[in-house]
Amino acid sequence: MVRFKNRYFTAEIIPLDNGHTVQPQNLKTYDILKSVLAATEQIHGEFGAAAIKNGLDVKYCNESTQIAIIRCRHGPHRLLASSLPFLSSIGKRKVQLQSMYTGATLVKCYKFLKKFHQEKMNEALKMCRTEEEKKKIFEIMSKTKYGL
């Protein structure tokens, strides 16, 4: 029996509207998969799309933080990594994809996300001047899966 190695790409999806960021929108995993395949096919042709299609999957997608984890097989992951920056739309929405982390296991990606959210929370708490603002930040972060 042969073990298949996977790579997991943690990416932030930044919605754009004429160059300005907008409020979080609904993200469907099917739309993300379709857009990733289209971008890979545009950059690497049919070979690239066929190479990544077998193990491609969106394992995690958070609408409030606009972060997704995309799984791909080891080997063709290089093709996916080189085509992700060229992804310009998901569904009918204009987006910019910012790659944050590439990991070998899903657990490592979740650990990275927890650390990332903790750093963002610390930055937000430093900007707060009153206790009310700090409480609001704690409430918002507690609603996300990897906040405190």
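Nothing here was measured: the structure is a model prediction, and the numbers come from that model.
Atom CZ in Phe86 sits 9.0 Å away from atom CD in Gln42 (nearest 0.5 Å). Taking CD of Glu12 as the reference point, atom OG1 of Thr65 lies at 8.0 Å (rounded to 0.5 Å). One distance of note links CE of Met100 with CD1 of Ile67; it measures 4.0 Å at 0.5 Å rounding. Atoms NZ and OG1, on Lys108 and Thr102 in that order, are 14.5 Å from each other to the nearest 0.5 Å. The CG atom of Leu87 lies 13.5 Å from the CD atom of Gln98; values are rounded to the nearest 0.5 Å. Taken to the nearest 0.5 Å, the OG1 atom of Thr105 stands 13.0 Å off from the NZ atom of Lys5.
Hydrophobic clustering places Leu79 together with Ile32 (ILVMFWY residues linked when any side-chain heavy atoms are closer than 4.5 Å, directly or through intermediates). Linking Ile, Leu, Val, Met, Phe, Trp and Tyr residues whenever their side-chain heavy atoms come within less than 4.5 Å leaves Ile43 and Ile52 in two separate clusters. Note: the hydrophobic cluster containing Leu84 also contains Phe47 (ILVMFWY, side chain heavy atoms under 4.5 Å, direct or indirect links).
Although no hydrogens or angles enter the test, the distance criterion places no donor-acceptor pair under 3.5 Å between the side chain of Ser83 and the main chain of Ala39.
Residues passing the ring pair (Phe, Tyr, Trp, His ring centres under 6.0 Å) test with His44: none are found, sequence neighbours excluded.
Applying the side-chain hydrogen bond (donor to acceptor under 3.5 Å, both in side chains) test to every pair with at least one member in residues 45-59, sequence neighbours left out, gives no pairs at all.
For the pair Leu56/Leu80, a side-chain contact is recorded, criterion being any heavy-atom separation below 4.5 Å from C-beta on. Side-chain atoms of Lys115 and Gln118, non-hydrogen and from C-beta on, never get closer than 4.5 Å to each other. A 4.5 Å side-chain heavy-atom check between Val58 and Val36 finds every atom pair outside the cut-off. His74 is not listed as a side-chain neighbour of Asn6, based on a closest heavy-atom distance of 4.5 Å or more. Side-chain contact between Leu27 and Gln66: present, with at least one pair of heavy atoms (C-beta onward) separated by less than 4.5 Å.
The two residues Gly91 and Ser35 make their nearest non-hydrogen contact at N-OG, 3.6 Å. Taking each heavy atom of Ile69 and Cys109 in turn, the nearest pair found is CD1-CB, 3.8 Å. Ala49 and Glu41 make their closest contact through CB-CB, 3.9 Å (heavy atoms, listed as atom of the first residue, atom of the second, distance). Across all their heavy atoms, Tyr8 and Ala104 have their closest contact at CE1-O, 3.6 Å.
The aromatic rings of Tyr60 and Tyr110 sit perpendicular, their planes meeting at an angle over 60°, well past the 30° parallel limit.
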